[in-house]
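Below, chains carry the letters A, B, ... as their sequence lines are ordered, and counting in each starts from 1.
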Amino acid sequence: MSSGRKEKLVAPGMLRDLITAWLGDGDLLALGGLFKQGRPCALVREVIRGGRRDLKLVSSPGSGFDVDVMIAAGCVAETFLPAVTLETRMCPAFRGAVEAGTVRAHCVDALSVVGGLMAAAHGVPFQPVVAWKGSDVPRNNPLAAEITCPFTGEALFATRAIRPKLALLHAQEGDRYGNIRHLSTMTYADQMMARASERVIVSVDRLVSTEDIVARPRETTIPCTYVDAVVEIPHGAHPTGSFPLYSIDEAHIEGYADVAEAARRAGRDGGGDAGDGLADYLTRVVRAPATQADYLEAIGGKARLTALEQEAASL
Amino acid sequence: MSSGRKEKLVAPGMLRDLITAWLGDGDLLALGGLFKQGRPCALVREVIRGGRRDLKLVSSPGSGFDVDVMIAAGCVAETFLPAVTLETRMCPAFRGAVEAGTVRAHCVDALSVVGGLMAAAHGVPFQPVVAWKGSDVPRNNPLAAEITCPFTGEALFATRAIRPKLALLHAQEGDRYGNIRHLSTMTYADQMMARASERVIVSVDRLVSTEDIVARPRETTIPCTYVDAVVEIPHGAHPTGSFPLYSIDEAHIEGYADVAEAARRAGRDGGGDAGDGLADYLTRVVRAPATQADYLEAIGGKARLTALEQEAASL
Amino acid sequence: MTDTRCTPAELQAFVLSRELKDGEMGAAGASAAIPMAAIMLARHMHAPDIQIAGEMFVNPRPRQLWDSMLDDRALGACEAAETFLELFGHSHRGLDFFFHNGMQIDRFGNINLHFIGGSIDRPRMRGPGAANISYAGTSRRFYICTHAHSPRTFVPRVDFITSPGYLDGPESFHAAGLKGGPALCVTPLAVMDFDPDSLTMRLKSVHPWSSVEEVVAKTGFELGLPDRVPVTDLPDAGTLDLLRGKVDTAGLLRR
Amino acid sequence: MTDTRCTPAELQAFVLSRELKDGEMGAAGASAAIPMAAIMLARHMHAPDIQIAGEMFVNPRPRQLWDSMLDDRALGACEAAETFLELFGHSHRGLDFFFHNGMQIDRFGNINLHFIGGSIDRPRMRGPGAANISYAGTSRRFYICTHAHSPRTFVPRVDFITSPGYLDGPESFHAAGLKGGPALCVTPLAVMDFDPDSLTMRLKSVHPWSSVEEVVAKTGFELGLPDRVPVTDLPDAGTLDLLRGKVDTAGLLRR
């Protein structure tokens with residue numbers, strides 16, 4: 001029956017062209033995962049290599065590493081990101097760019113982003129929000145407006161539908177038709193972003209058969225009908241975690257943060273060679289690797305990956 | 001650690017008191033499942049035995065058998081039910097009561113019910129709806145109002161939050177703390193009703209351990225925090241299906257429909273003993289059985305149940 | 001040897017299957033044995049890339065047809081399960097195709113499933129209502145597929161518009177902001193389509209066991225009649241083999 | 001023999017654990033090792049029926065603490081997983097308790113995580129922002145738990161209210177329709193609560209390694225001072241055993 005069914009599986013080498021076709025300079029890009037889990041880091045490196053600029057970014061309400069690398073690489077003009085942090089420390093490139101005025105970081109919160117994605121996923125122009133009281137965020141939030149309930153007469157807020165041009169997501173498994181399965185306990189806003197976005201590309205750590213998908217349909221987290229392209233990229237979330245397959249590479253993220261922080265201070269102080277570490281990182285780790293295998297070699301190879309797999313297996 | 005944790009597991013004998021405490025005459029009751037799958041039929045029989053009257057009913061957008069029995073038993077005053085049908089034939093008691101003017105059947109559709117449950121689940125007073133055009137339903141829908149989008153200026157609708165006093169749901173598995181797991185592929189609006197309702201009682205075909213729940217947290221469909229009481233009632237959805245454990249008892253539903261249809265015609269024609277079959281059904285099958293075991297005996301016992309289990313296993 | 005005399009339900013499924021195009025996405029609705037058979041048959045024939053989605057299941061693999069086609073008996077094996085929450089979004093985005101049945105259907109393809117006669121609160125006859133009325137207005141097109149062809153079903157004007165067809169014609173249809181509208185109406189006797197100018201129903205073909213006269217007599221409004229009304233194409237033996245051997249293995253459409 | 005000299009982080013977790021009541025439902029937030037330790041400890045001690053929910057996991061069983069406490073490392077084992085969709089609803093319904101940290105905290109318990117100095121579009125210092133600001137206003141109460149106690153953190157007035165405390169005091173707090181507000185502020189040096197009349201922060205107890213003088217000197221606004229300021233109760237040996245042996249098995253709070 002499925003002999004003539006169209007596949008959505010693409011080769012990693014096709015990614016850059018696809019991303020460039022589906023995401024223009026200045027467009028709104030959505031990134032899946034949260035903080036250091038399930039981030040589409042391999043896909044983000046392709047966006048950087050593709051040279052897109054002036055992007056607007058939205059994500060689940062917590063982001064950090066990959067967003068900071070995109071800002072460091074000069075791809076970003078505006079962010080609609082509630083929290084941007086490496087959790088144990090701030091995001092250096094984000095902080096530096098906002099303080100320098102080169103990136104505009106809108107004050108949005110979880111409800112504006114989640115509500116906006118919900119509205120787009122549901123096909124309506126806005127989502128009502130009540131739970132914004134006392135904070136300065138809704139007062140400065142470009143996604144928020146005041147509205148009156150037609151039933152109760154109460155004053156509340158509306159948050160505007162967010163419809164990204166492209167969503168980049170990462171999951172553990174998927175089939176060649178684009179049925180996606182997260183094995184992780186946490187999936188954050190990935191499903192909602194898939195439903196809200198015009199185009200969706202998902203990297204998966206491993207391809208599975210459609211028979212395997214049909215055997216457990218309740219476990220499909222993103223049905224194929226929302227997915228435009230699926231690509232198999234082992235360790236595609238590195239250095240963030242992809243549980244239960246591999247854990248978070250905190251040392252890698254710390255190492256990046258150190259060179260990015262040095263660059264930030266150098267930029268602020270106008271001083272010397274302190275940005276060289278970041279430039280080297282962007283060249284050596286982000287831009288130079290031609291394949292995921294090259295990337296994995298650059299970040300420490302088999303020894304590093306095995307350690308991360310063992311940590312995930314021990315949890 | 002959990003030695004002092006409060007259990008939500010209740011004995012079947014406590015159900016009538018719980019339902020009576022949590023649902024008054026005239027209150028809004030929500031029923032889970034869809035058409036002939038996953039309906040909380042054992043719990044519905046307890047509502048009837050408890051003698052509640054003038055209830056308002058809401059359900060997932062498709063209902064039939066259990067709603068019709070409640071109407072036949074005289075428990076219902078108003079319905080907010082999009083489709084009420086046995087699929088191969090109409091619901092006799094529903095049809096008869098609406099035509100006689102004893103039940104008021106509001107013209108609502110899936111988006112008003114689902115949107116209303118979504119709004120309540122999300123904690124907001126309404127849900128925007130756009131996709132109501134041309135139909136007479138929104139014009140006659142007591143849940144609908146017109147509203148203007150504060151961003152686009154477009155005219156659209158709002159549907160009012162639906163917050164049932166009590167939701168009755170059925171699932172295949174649950175633990176004693178109220179973590180619920182549907183094994184069926186379809187779960188319809190059950191999660192949303194649990195999130196939207198003031199109180200939630202769930203019948204499960206079998207109790208499982210909390211360790212079993214923790215081993216697969218992604219498969220928990222309704223977390224314990226939404227559930228007020230869980231009760232183990234084997235075959236608690238009968239005569240509707242509870243997949244993959246047992247299939248739909250079409251013969252039972254047909255038999256009920258035959259006597260209910262005869263009663264409807266008798267009522268309309270004002271004629272004779274044609275309603276006796278329904279009265280007998282309500283006594284013998286609905287009201288008389290003191291326990292689920294008695295009920296299962298009354299509907300055909302082990303032979304019938306085994307056949308339904310085998311059909312489910314063969315799908 | 002296959003018995004190539006097909007039943008009305010089998011012919012309805014066959015006629016509808018030929019309308020569905022490869023790469024499209026659609027769903028069958030409730031009480032949808034014939035529509036689901038049409039989709040499955042189209043996938044076996046010319047449209048392997050049809051995506052079945054928009055209800056609460058994605059690309060199901062039913063081992064047989066059932067009267068409902070909206071529970072685990074039929075749809076437990078599928079590629080993904082969704083809930084009414086996701087259906088809310090699908091209803092707004094619309095599908096490529098959907099199917100509707102009706103208690104009353106009028107010449108503009110408007111559908112009534114709510115009540116006939118009397119008033120909304122005290123109807124002479126109360127129907128089942130409808131779960132999802134939105135796909136009629138948001139999808140690229142929908143098909144009307146009925147189990148009966150009688151003047152009681154095909155009326156000049158429905159008493160209540162549950163799911164909109166072309167309302168009162170082109171002006172009102174466009175003013176309401178509707179998309180698509182009904183493409184065909186397929187009954188046990190005939191196939192009807194809609195005149196592109198007036199948006200009223202007209203006869204397209206008559207099944208071999210019926211006649212123009214019978215269809216006209218059993219339609220309660222003035223049906224558009226072209227000069228020549230062909231006989232509905234029947235499925236060939238191979239197609240019928242597929243329908244019976246791969247789709248309707250339980251013989252539901254042959255009852 | 002257990003070393004009963006506890007660290008500031010351990011004492012913060014202990015102080016907070018005693019505030020949480022059996023049967024309550026709450027969550028810890030992001031970067032929440034101390035709050036999660038407090039909840040877990042309370043469950044081991046006096047509140048076995050605390051429900052941990054409202055973020056995207058229900059009743060997790062972390063084998064150890066982590067800095068984040070919002071990913072599968074810490075929370076993969078739990079009773080149920082939710083997503084941001086359900087978090088939207090929780091945020092509106094509120095919890096019994098929640099926890100916040102702050103880059104700036106003022107005497108009314110308002111919290112700033114967005115920016116210090118300059119303007120919103122060109123700040124002197126841009127902080128991380130916050131994911132969920134709503135629990136501060138919808139929950140029965142929240143706790144402020146900081147890693148630092150300095151005049152830079154404790155300021156007379158925050159430059160931007162990310163999460164509201166008592167705003168400008170009782171009048172503005174009630175006018176805004178806020179619920180609950182901050183109950184305690186627990187730092188590495190002291191415990192503060194809020195005067196019920198003025199809703200301004202006051203000293204409640206001082207940790208044994210600090211002093212009233214130190215706390216006053218390191219607080220950038222006029223802290224309410226009762227006549228007598230007790231020393232913060234320390235956990236006893238059994239409690240510390242539980243904290244180290246069952247909750248913080250990796251020794252994160254002892255770094």
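Put simply, of C/Phe57, C/Phe115, C/Phe84, the one with the most heavy-atom pairs under 4.5 Å next to chain B is C/Phe84. For the options C/Thr138, C/Leu70, C/Asn112, heavy-atom pairs under 4.5 Å to chain B are most numerous at C/Leu70. Top candidate by heavy-atom pairs under 4.5 Å with chain B, chosen from C/Gly129, C/Ser134, C/Ala176, is C/Ser134. For the set B/Ala100, B/Ser60, B/Gly241, the count of heavy-atom pairs under 4.5 angstrom toward chain C peaks at B/Ala100. Of the residues considered (B/Cys91, B/Ser112, B/Gly96, B/Ala105), B/Ala105 shows the highest number of contacts with chain C, using heavy-atom pairs under 4.5 Å. Between chain B and the options C/Asp67, C/Asp121, C/Leu87, the largest number of non-hydrogen pairs under 4.5 Å is found for C/Asp121. With respect to chain B, the highest number of heavy-atom pairs below 4.5 Å among C/Ile161, C/Thr83, C/Asp72, C/Leu75 belongs to C/Asp72. Of all the listed residues (B/Val114, B/Asp190, B/Leu117), the one sharing the greatest number of non-hydrogen pairs under 4.5 Å with chain C is B/Val114. When the candidates B/Leu81, B/Thr85, B/Val84 are compared by the number of heavy-atom contacts under 4.5 Å with chain C, B/Val84 comes out ahead. By number of non-hydrogen pairs under 4.5 angstrom with chain B, the leading residue of C/Ala81, C/Ser68, C/Gly137, C/Ala74 is C/Ser68.
Neither the backbone nor the side chain of C/Leu113 comes within less than 4.5 Å of any heavy atom in chain B. At a 4.5 Å heavy-atom cutoff, B/Ala121 makes no contact with chain C through either its backbone or its side chain. Only the side chain of B/Thr88 comes within contact range of chain C, with heavy atoms under 4.5 Å apart. For a residue to count as touching a neighbouring chain, one of its non-hydrogen atoms must lie under 4.5 Å from one of that chain's; by this rule C/His92 touches chain B with backbone and side chain alike. For B/Glu99, the parts lying near chain C are the backbone and the side chain together; criterion is any non-hydrogen pair under 4.5 Å. With a 4.5 Å cut-off on non-hydrogen atoms, B/Leu111 touches chain C through its backbone and its side chain both. Looking at B/Cys107, the atoms closer than 4.5 Å to chain C (heavy atoms on both sides) sit in the backbone and in the side chain alike. Using a 4.5 Å cut-off between heavy atoms, B/Ser63 does not touch chain C at all. Using a 4.5 Å cut-off between heavy atoms, B/Phe35 touches chain C through its side chain atoms alone. Within the 4.5 angstrom heavy-atom criterion, only backbone atoms of B/Val108 (N, CA, C, O) approach chain C. Using a 4.5 Å cut-off between heavy atoms, C/Ile111 makes no contact with chain B at all.
Counting non-hydrogen atoms of other residues, nucleotides and ligands closer than 6.0 Å to CZ of C/Arg63 gives a total of 12 or fewer. Counting non-hydrogen atoms of neighbouring residues, nucleotides and ligands closer than 6.0 angstrom, the CZ atom of B/Arg139 exceeds 12 such neighbours. Within 6.0 Å of atom CZ in C/Arg93, more than 12 heavy atoms from other residues, nucleotides or ligands are found, so the atom counts as buried in its surroundings. Within 6.0 Å of atom CD in B/Glu146, 12 or fewer heavy atoms from other residues, nucleotides or ligands are found, so the atom counts as exposed in its surroundings.
Across all their heavy atoms, B/Pro61 and C/Ala131 have their closest contact at O-CB, 3.9 Å. The minimum heavy-atom distance between B/Ala131 and C/Ser91, with the atom names listed, is CB-O, 3.7 Å. Minimum interatomic distance between B/Met118 and C/Leu85 (heavy atoms only, all atoms of both residues): CG-CD1, 3.7 Å.
You'll find the side chain of B/Lys133 stays beyond 4.5 Å of the side chain of C/Lys179, heavy atoms only.
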Chi angles and distances behind the side-chain contact (heavy atoms from CB on, under 4.5 Å) call for B/Met186, C/Glu55: CA-CA 11 Å; B/Met186 304 273 183; C/Glu55 300 278 282; over 6 Å; no

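Under a 3.5 Å cut-off, the side chain of C/Arg73 and the backbone N or O of B/Ala312 do not form any donor-acceptor pair. Looking at B/Ser135, its side chain never comes within 3.5 Å of a backbone N or O of C/Pro164 through a donor-acceptor pair.
How far CE of C/Met56 is from CG of B/Leu34: 5.5 Å, rounded to the nearest 0.5 Å. If you take CH2 on C/Trp66 and CD on B/Glu250, they are separated by 8.0 Å, rounding to the nearest 0.5 Å.
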